[in-house]
Amino acid sequence: MTDPHPTDPIFSVLAAADELGVELDEAEAREWISAVSRQASGPLVVDVDTGIYGHHITMSDLDQSEIGRFRHLASIVGLEDRPPAIVTALALSGSAAQNRVHRFPGDCDFFERVHIRADTRSEACSLLADLIRDKALATLRGPGYRLQEVKFGSWPCDAVVAGDDISTGSPVSWPPEAIEKGAIDFLTADRESGSLTWEEAGAEPGWCKLDWLAADPGHGGVANASNMLDATWESPDGTIIPLDGFLDPYFQEVYLDVDSIPLFSRLVKDMGADSVAEYVERLTGEVYKYTVEKPNYGKAARRMYNIFRLTGRYAEAAYLRELFDEPTTALYQLAAMLRAVHEASEGDDTFSQEALLGQVDQLIMSAVDALEGPAEAQMVKRLLELRDILTAEEPTGISDHIARARADAMTEVDDYFQRALVGIPGIKEYMDEVAAAAPPDPHA
């Protein structure tokens with residue numbers, strides 16, 4: 001292919017990528033840009049062979065050969081309909097929905113719309129509370145999985161839980177034992193004893209999310225699998241009200257069952273014409289967070305990819321697609337998988353030692369591919385030591401050892417992403433603009 005003209009938007013990206021050693025194929029980049037910029041068939045794409053559907057850009061990012069793997073995990077994390085009061089729509093989200101882009105995904109993220117028809121908001125909240133707790137109790141543990149935590153409800157007051165200070169309005173974190181008990185004991189700011197029941201927390205459901213640790217037959221080893229819920233209440237007059245105050249858009253999800261299209265279509269109708277702009281504004285606030293307040297350039301890059309592909313900055317988005325495929329980004333996955341190994345090694349014997357050792361072996365190979373020189377030697381040494389700890393009769397020091405290895409991995413990958421982002425003129429200019437502006441208020 002001939003060299004691009006300097007006025008071509010992709011020219012500076014190709015030149016900078018070459019300087020950085022990122023192999024961005026011009027022909028592939030142009031083919032992707034052409035595909036995502038066409039919307040002749042409409043923004044929603046349905047694949048009749050697999051029974052999945054989603055936004056046309058997100059569908060282009062999905063590797064459909066992975067659907068079987070995700071359906072297995074969906075059987076653990078998905079909520080069941082309770083018609084006619086409750087209907088749901090389960091989807092892949094995050095890097096799970098973009099696994100063609102993210103060659104090294106960290107976790108298995110799901111997203112589920114939970115739509116509740118009830119006479120009052122209070123009744124809807126009560127139905128949601130029952131649904132989530134029943135799901136949690138039914139999946140506390142089983143063959144190849146274990147519930148780790150549920151986020152449900154909002155703290156009605158400042159509190160101290162297990163030594164941690166919690167502020168009013170924060171999400172309530174429920175460990176399995178508290179879910180079984182149906183209450184969390186806490187201390188007030190005045191150090192008086194209190195107890196928050198599941199029913200009380202459900203009056204303001206807030207951010208709802210369930211997290212499991214699960215065997216991952218598709219990739220071997222174990223993985224963190226989560227299901228974030230977007231609960232809506234439909235009142236008797238047909239008004240739809242998000243129970244957390246915000247109706248999530250659908251620009252980063254791939255839905256797993258075409259039978260849920262009626263619910264999806266019903267909810268999408270209630271999204272305003274400015275839904276793309278609102279979504280981009282929220283992501284921009286997260287870019288500010290991960291580049292200014294709490295730097296994590298890997299997370300910032302993921303947000304920027306979604307912003308660029310929805311706002312027509314396709315050249316920069318094409319570069320980020322390629323960046324996520326570079327070997328160094330495997331360290332992002334390595335850090336997440338180390339967390340999974342740590343969690344799996346604790347508690348009961350849900351996960352076999354063989355599975356954990358197999359996962360550590362995978363991590364060693366990832367480190368060899370991603371790193372060079374002293375950094376490679378240090379990471380491989382840490383992982384081999386972790387392997388020895390896991391095979392010991394009485395393993396000790398796992399927490400500290402994994403914490404150091406994760407810190408090393410995140411330092412390396414964060415430095416890499418920072419260099420890779422600021423090296424592209426258009427991306428650096430965008431980051432500078434975000435840093436100079438006041439961060440958007442997500443609650444405005």
Side-chain angles (χ1 to χ4, degrees), residues 53-54 74-93 109-139 147 149-156 169-174 179 182-183 196-212 226-272 275 278-279 282 443:
Y53 65 95
S75 67
I76 298 171
V77 309
L79 303 178
E80 294 185 1
D81 291 356
R82 294 183 176 179
I86 302 175
V87 290
T88 64
L90 181 65
L92 304 176
S93 67
D109 299 321
F110 290 80
F111 172 92
E112 191 158 13
R113 297 189 185 273
V114 181
H115 189 60
I116 304 170
R117 298 181 178 91
D119 290 338
T120 64
R121 183 184 186 280
S122 176
E123 181 185 350
C125 290
S126 179
L127 290 170
L128 178 65
D130 290 343
L131 180 72
I132 295 176
R133 186 161 186 257
D134 288 348
K135 176 64 179 181
L137 292 174
T139 56
L147 182 71
E149 181 188 60
V150 173
K151 298 281 191 185
F152 175 69
S154 304
W155 276 98
S170 298
V172 183
S173 298
W174 296 83
I179 298 170
L196 179 69
T197 68
W198 183 271
E199 292 76 14
E200 291 169 341
E204 291 295 338
W207 180 42
C208 301
K209 182 170 176 279
L210 299 91
D211 287 279
W212 292 263
S226 66
N227 188 2
M228 189 178 76
L229 310 183
D230 187 37
T232 49
W233 164 48
E234 183 173 341
S235 66
D237 66 3
T239 302
I240 294 178
I241 300 172
L243 292 181
D244 65 354
F246 181 78
L247 183 61
D248 285 273
Y250 63 97
F251 306 121
Q252 200 185 172
E253 299 144 17
V254 172
Y255 290 82
L256 295 173
D257 189 349
V258 291
D259 289 343
S260 66
I261 287 180
L263 170 60
F264 174 87
S265 301
R266 175 76 178 86
L267 295 175
V268 167
K269 286 181 180 178
D270 274 60
M271 293 181 187
S275 58
E278 292 170 356
Y279 179 64
R282 291 186 78 194
H443 305 293

Solution key, residues 82-91 side-chain donor-acceptor pairs under 3.5 Å, sequence neighbours excluded:
unit_1: Arg82; atom_1: NH2; unit_2: Asp134; atom_2: OD2; d: 2.8
unit_1: Thr88; atom_1: OG1; unit_2: Asp81; atom_2: OD1; d: 2.6
unit_1: Thr88; atom_1: OG1; unit_2: Glu112; atom_2: OE2; d: 3.3

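Within the 4.5 Å cutoff, side-chain heavy atoms of Leu256 are placed close to those of Phe110. Contact of the Gln252 side chain with the Ser93 side chain is not registered, since no non-hydrogen atoms from C-beta on lie closer than 4.5 Å. Side chains of Phe111 and Leu92 form no contact here, defined as non-hydrogen atoms less than 4.5 Å apart. Residues Val114 and Ile132 are not in side-chain contact: their nearest non-hydrogen atoms beyond the backbone lie 4.5 Å or more apart. Within the 4.5 Å cutoff, side-chain heavy atoms of Leu243 are placed close to those of Cys125.
Evaluation of the side-chain hydrogen bond (donor to acceptor under 3.5 Å, both in side chains) rule for Ser226 yields Asp109 as partners, not counting sequence neighbours. Looking at residues two or more places apart in sequence or on another chain, you find a side-chain hydrogen bond (donor to acceptor under 3.5 Å, both in side chains) between Ser235 and Asp237. Every side chain to side chain contact (heavy atoms under 4.5 Å, CB included) that Thr139 has, sequence neighbours left out, goes to Lys135, Tyr145, Trp212. Here Arg117 pairs with Glu234 under the salt bridge (Lys or Arg N to Asp or Glu O under 4.0 Å) rule; sequence neighbours left out. Contacts of Lys209 classified as salt bridge (Lys or Arg N to Asp or Glu O under 4.0 Å), with partners at least two apart in sequence or in another chain: Asp211. Residues satisfying the ring pair (Phe, Tyr, Trp, His ring centres under 6.0 Å) test with Tyr279, not counting sequence neighbours, are Phe251. Contacts of Ile241 classified as side chain to side chain contact (heavy atoms under 4.5 Å, CB included), with partners at least two apart in sequence or in another chain: Trp233, Thr239. In this structure Glu123 satisfies the salt bridge (Lys or Arg N to Asp or Glu O under 4.0 Å) test with no other residue, sequence neighbours excluded. Here Glu80 pairs with nothing under the side chain to side chain contact (heavy atoms under 4.5 Å, CB included) rule; sequence neighbours left out.
Screening residues 112-138 for ring pair (Phe, Tyr, Trp, His ring centres under 6.0 Å) gives no qualifying pairs among residues at least two apart or on separate chains. Pairs passing the salt bridge (Lys or Arg N to Asp or Glu O under 4.0 Å) check and including a residue from residues 240-261, sequence neighbours excluded, read Arg113-Glu253, Asp248-Arg282.
Closest non-hydrogen pair, Pro205 versus Cys208, comes out as O-SG, 3.7 Å. Considering all non-hydrogen atoms of both residues, Leu128 and Ala231 come closest at CD2-CB, 3.7 Å. Shortest non-hydrogen contact noted between Pro236 and Asp119 is CD-O, 3.5 Å. Contact record, Gly238 with Arg266: O-NH2, 2.9 Å, taken as the closest heavy-atom pair. Summarising the geometry of Ala124 relative to Ala118, their closest heavy-atom pair is N-CB, 3.8 Å, with the distance given to 0.1 Å.
Side chains of Tyr53 and Ser260: a donor-acceptor N/O pair is present below 3.5 angstrom, by distance only.
In summary, the aromatic rings of Trp207 and Phe152 are positioned with their centroids too far apart to meet the 6.0 Å limit.
One distance of note links CZ of Arg121 with OG of Ser126; it measures 12.0 Å at 0.5 Å rounding.
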